[in-house]
> 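Dropping a structure here in structure tokens format, bear with me for questions.
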Protein chains: 2
Amino acid sequence: MAKRPELSKGELTVARAVWRLEAGTVGAIHQEVSRSSEMDYSTVQTYLRRLETKGYLRTRRDGRNKIYSAKVGAGQVIRHTVRDLVQRLFDGEVVAMVNHLVRDHKLNRTEIQQLQELLTELEGKVDES
Amino acid sequence: MAKRPELSKGELTVARAVWRLEAGTVGAIHQEVSRSSEMDYSTVQTYLRRLETKGYLRTRRDGRNKIYSAKVGAGQVIRHTVRDLVQRLFDGEVVAMVNHLVRDHKLNRTEIQQLQELLTELEGKVDES
DNA sequence: TTCGTATAGGTACATCTGTACGTAATTGTA
DNA sequence: TACAATTACGTACAGATGTACCTATACGAA
């Protein structure tokens, strides 16, 4: 497993846009990023270059254009990031993190039920080994 | 609400030690930090200075010694940090985050039950307004 | 064919972060 | 009392990060 440098906040924002688009030129990705943040075209470009250097994105050429696409998927990055935070804030105690989440963010009845169903589902699959 | 610069990873490590100790000299905090990480005394000292500058810690004098203690509590920082991550990774969708957490980290039966009880408790308190 | 607009690629630069060293003063101990 | 250890405080410095500008080129529209 290649040990890649971590993503900074800005890099993550841009990476998320790439994941959503699957693939695109700097322009397209800049547009996608702009739907939620304001970030200069050049800034997006810089992040894309850095993301490629760090091994998170790859590029292919389409005539004179460069098409960026993901090399490392969202899932992997999210897993890593979340695990890291759980470690650093809750000493790796997932339950403590979930506890914090559901208490801090008021959930409505529907959300609570969704989570209850999720837990029931998991209960059936516990690996008791 | 004072808008403080965010904590970096290293700063957070040291801040956590201060929270655990409530208060202490650089030496004491260094020792506490050392229980989990290896970090040079001077490095801890630097982080403490920066934490004070950023407004997260305060100091009082005890003779020739400086006693560091928290000015911003663990709860506040954790809340901020978690909210920020939920925002950046899941567009603020807490349920998505919890979903990810419980699926990625295998929970055992006891943990699942703990969470179920937690949800049942919250269900009784939903603010339906 | 000319001109505006994307694009690529290079470069810049202040600030933040991780990680420490050096020096001076103080204090407990041999 | 002299020395070792502790502490405070100033300073250092490379690499990461946020944020962008500049220049050259290619492409589509007029």
> Between atom CD1 of Ile78(A) and atom CG of Asp104(B), what is the distance when rounded to the nearest 0.5 Å?
10.5 Å
> Rounded off to whole Å, could you give me the CD-to-P distance for the Glu52(A) and dG9(C) pair?
9 Å
> Taking atom P of dG18(C) as reference, at what distance in whole Å does atom CD of Glu11(B) sit?
6 Å
> Do Glu111(B) side-chain atoms and Asn108(B) backbone N/O form a donor-acceptor pair below 3.5 Å?
yes
> On the nucleotide dT17(C), are OP1 or OP2 found under 4.0 Å from the side-chain N or O atoms that Tyr47(B) carries?
no
> When the nearest nucleotide of DNA chain D is assigned to Thr46(A) and to Tyr68(B) on a heavy-atom basis, which residue is associated with the more 5' position?
Tyr68(B)
> Before accepting this row, confirm whether a basic side-chain N of the pair Arg20(B)/Glu32(B) lies closer than 4.0 Å to the acidic partner's carboxylate O.
yes
> Taking only the side-chain heavy atoms of Arg49(B) (C-beta and beyond), determine which of dA12(C), dA8(C), dA20(C) contains the nearest atom.
dA20(C)
> Using atom CG of Leu48(A) as one end and atom P of dA8(C) as the other, report the distance to the nearest whole Å.
9 Å
> Taking for each residue the nucleotide of DNA chain D bearing the nearest heavy atom, is the 5' side occupied by Thr43(A) or by Gly27(B)?
Gly27(B)
> Using a cut-off of 6.0 Å, state whether more than 12 heavy atoms not belonging to Glu52(A) lie near its atom CD.
yes
> Compare the minimum distances between each of dG9(C), dC9(D), dC21(C) and the side chain of Asp40(B), then state the nucleotide with the smallest one.
dC21(C)
> Measure the distance from CZ on Arg88(A) to P on dT17(C) and round it to the nearest whole Å.
12 Å
> Between dT17(D), dA20(D), dT6(D), which nucleotide has the shortest distance from any of its atoms to the side chain of Arg64(B)?
dT6(D)
> Take atom CG of Leu12(A) and atom P of dA16(D), then tell me their distance rounded to the nearest Å.
18 Å
> For the NZ atom on Lys54(B), are there more than 12 heavy atoms of other groups (residues, nucleotides or ligands in this structure) within a distance under 6.0 Å?
yes
> Which nucleotide in the list dG18(C), dT7(D), dA6(C) gets nearest to the side chain of Arg50(B)?
dG18(C)
> Rounded off to whole Å, could you give me the CD-to-P distance for the Gln45(B) and dA12(D) pair?
16 Å
> Measure from NZ on Lys9(A) to P on dG18(D) and round the result to the nearest Å.
8 Å
> Roughly, in whole Å, what's the span from CG in Leu7(B) to P in dT17(C)?
9 Å
> Look at the side-chain N and O atoms of Lys66(A) and state whether any lies under 4.0 Å from the OP1 or OP2 oxygen of dG9(C).
yes
> Taking the minimum atom-to-atom distance to the side chain of Arg61(B), which one of dC9(D), dT17(C), dG18(C) wins?
dC9(D)
> Give one of base, sugar-phosphate or nothing for Ser8(B), where a contact means two heavy atoms less than 4.0 Å apart.
sugar-phosphate
